Amino acid sequence: MTIYFVAGEVSADNHGAALMRSLRELDPRLTFTGRGGPQMQAVAGKQFKNWLGDAAVLGLWEVLRKYGYFREQFRETLKEVLESKPDAVVLIDYPGFNLRLARALRRRSPRQKIIYYISPQIWAWNRGRIKGMARSLDLVLCIFPFESDLYNESGLHAIFVGHPMIERLQAQKIDAERDASLIGLFPGSRLREVRQIFPVMIETARLLLQDNPSLHFEVAAASEELAQEISELLAINPLSRAREEKATPQGFEVIQIAVGETATLMQRAFVGIVASGSATLEAAYFRMPFVLIYKVAWPTYLGARLVVNVEYLGMPNLLAGKEVVPEFIQHRADPGAIAGVMRPLMEDAPAREQMISEFDTIIGKLGTGGATERAARAVIEEISDGA
């Protein structure tokens, strides 16, 4: 039995590799083809294409710049599936590419089994497209509980399997005491995000230091490349001079950089500033009080405003149905305003405990683990039903 996978981002590569491993545990005879990242290739073998370096892009303008590349990759992917006739195609997130591919496959090969894992957040920007998805997809495996209800109401077969993040984070728990003077900074996992967001974090740190010179900061870098970019941004920022005025240690000791230690930092920091994305759910899981920040290029932001139709950007707030975590988006990402909200989270114990209590409720909605195994079983069952 052969399954063809398509994943186009780092997080999807992580989820895809975990799903492949669970599928192999259920049926060691399975073979995997398709395209994704290095982790999926390591499980599937050399026949699996690692295209992540070119496929993982951020923002409308970068997509347009690489339009020729994506058009060619789309044609190649469609051809590979039609010629190889896999038992199922599993599409992981990456909606701009994968939803179009699903439509094309349904037209060209009506009986092809097509499964979507890590549902596109179409409920945030165009719910009217759900009925179209129902015509293209056989099954959607949802990681948020409200998604399956929404899709099933529209005639799209969907199953809530739980969030695979839970089992990963369970394995990363440590026995650590929080440092009351430590603030964690989480500027995102993409270079363009870091360039937009981290300078705001630095300025916020400078303002907080003026009130409390004993504070120190650690920034989580997702890669060595991002760590280098963060170092360069620190080199041109006046934060160290603010420490000199207080006759405290100078230089980069004020903000230390940690590569690949996001989970550890979230369990040691007293509070955090977190870029919108999956890290906000991770912070909630590790019960670290935080504020959310996000900035992108203005054309990208204005374009998103035209299509996004949700009240909150942060997933913890969406799951709670209210603003549990303060959000500072685009022009509202003002260091003074962010610092003003951070101070109560550090100093007001009831405010901290209230946010942590809300986190426990939010994370409880995502399941208790085992999401990847449930997803694998659902894939096998769907293929068997069509046999």
Side-chain angles (χ1 to χ4, degrees), residues 169 172-188 194 197-222 230 234 239 242-243 246 248 253-258 261-295 312-317 320 322-329 332-363:
L169 298 184
Q172 294 178 305
K173 278 189 172 181
I174 60 174
D175 184 14
E177 185 175 342
R178 294 199 181 274
D179 180 346
S181 297
L182 174 61
I183 297 177
L185 305 177
F186 306 85
V194 171
I197 292 170
F198 191 57
V200 179
M201 292 182 169
I202 297 174
E203 180 63 16
T204 304
R206 187 185 69 81
L207 294 175
L208 292 170
L209 279 168
Q210 288 178 350
D211 288 343
N212 185 355
S214 67
L215 293 175
H216 60 113
F217 304 81
E218 289 186 27
V219 54
I230 289 166
L234 283 171
L239 179 60
R243 292 292 297 244
K246 298 291 185 178
T248 51
E253 294 178 1
V254 182
I255 297 184
Q256 295 182 341
I257 303 170
E261 297 184 15
T262 296
T264 299
L265 178 54
M266 285 181 172
Q267 294 172 81
R268 293 190 300 106
F270 203 62
V271 294
I273 307 175
V274 184
S276 179
S278 60
T280 60
L281 282 177
E282 294 175 7
Y285 177 85
F286 288 122
R287 308 174 91 229
M288 179 190 73
F290 71 97
V291 301
L292 179 151
I293 178 175
Y294 203 64
K295 284 188 73 175
Y312 305 107
L313 183 63
M315 187 54 68
N317 291 337
K322 59 184 178 181
E323 190 176 77
V324 173
V325 177
E327 296 189 354
F328 297 91
I329 311 302
R332 293 188 63 243
D334 173 72
I338 296 170
V341 172
M342 291 288 290
R343 292 186 186 101
L345 288 180
M346 291 185 287
E347 300 166 2
D348 186 341
R352 289 177 53 81
E353 290 304 317
Q354 177 61 34
M355 183 176 286
I356 291 170
S357 176
E358 297 281 6
F359 287 165
D360 292 341
T361 301
I362 291 165
I363 296 302

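Keep in mind the model is a prediction, meaning the values are calculated, not measured.
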[atom2] on [Y] to [atom1] on [X], rounded to 0.5 Å:
X      : Y      : atom1 : atom2 : answer
Gln256 : Ile230 : CD    : CD1   : 13.0 Å
Thr264 : Gln172 : OG1   : CD    : 7.5 Å
Leu182 : Leu215 : CG    : CG    : 9.5 Å
Ile255 : Leu234 : CD1   : CG    : 5.0 Å
Met342 : Ile273 : CE    : CD1   : 4.5 Å
Phe217 : Leu265 : CZ    : CG    : 12.0 Å

Non-hydrogen atoms of [X] and [Y] that approach each other most closely:
X      : Y      : answer
Ile257 : Ala221 : CG2-CB, 4.0 Å
Val324 : Met355 : O-CE, 3.3 Å
Thr280 : Ala275 : CG2-O, 3.7 Å
Ile183 : Ala269 : C-CB, 4.4 Å
Leu185 : Pro187 : O-CD, 3.5 Å
Ala339 : Thr204 : N-CG2, 3.8 Å

For a 4.5 angstrom cut-off between non-hydrogen side-chain atoms, does [X] reach [Y]?
X      : Y      : result
Phe290 : Met266 : no
Met201 : Phe198 : yes
Phe328 : Val341 : yes
His216 : Asp179 : yes

May I ask you to decide if [Y]'s main-chain N or O and [X]'s side chain share a donor-acceptor pair within less than 3.5 Å?
X      : Y      : result
Gln267 : Ala263 : yes
Ser357 : Glu353 : no
Asn317 : Val325 : yes
Arg352 : Phe270 : yes
Glu327 : Leu313 : yes

### Message
Please determine whether side chain to side chain contact (heavy atoms under 4.5 Å, CB included) holds for the pair Met346 and Asn212, giving the CA-CA distance in whole Å, both sets of side-chain angles, and the decisive distance to 0.1 Å.
### Response
CA-CA 11 Å; Met346 291 185 287; Asn212 185 355; 6.0 Å; no
### Query
Given the rule in the side chain to side chain contact (heavy atoms under 4.5 Å, CB included) test, do Lys173 and Tyr285 qualify, once you have shown the distances and angles that lead to the verdict?
CA-CA 10 Å; Lys173 278 189 172 181; Tyr285 177 85; 3.2 Å; yes
### Query
Between Val274, Leu345, Val271, which is the residue that forms a side chain to side chain contact (heavy atoms under 4.5 Å, CB included) with Val291?
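Between Val291 and the candidates, side chain to side chain contact (heavy atoms under 4.5 Å, CB included) is satisfied uniquely by Leu345.
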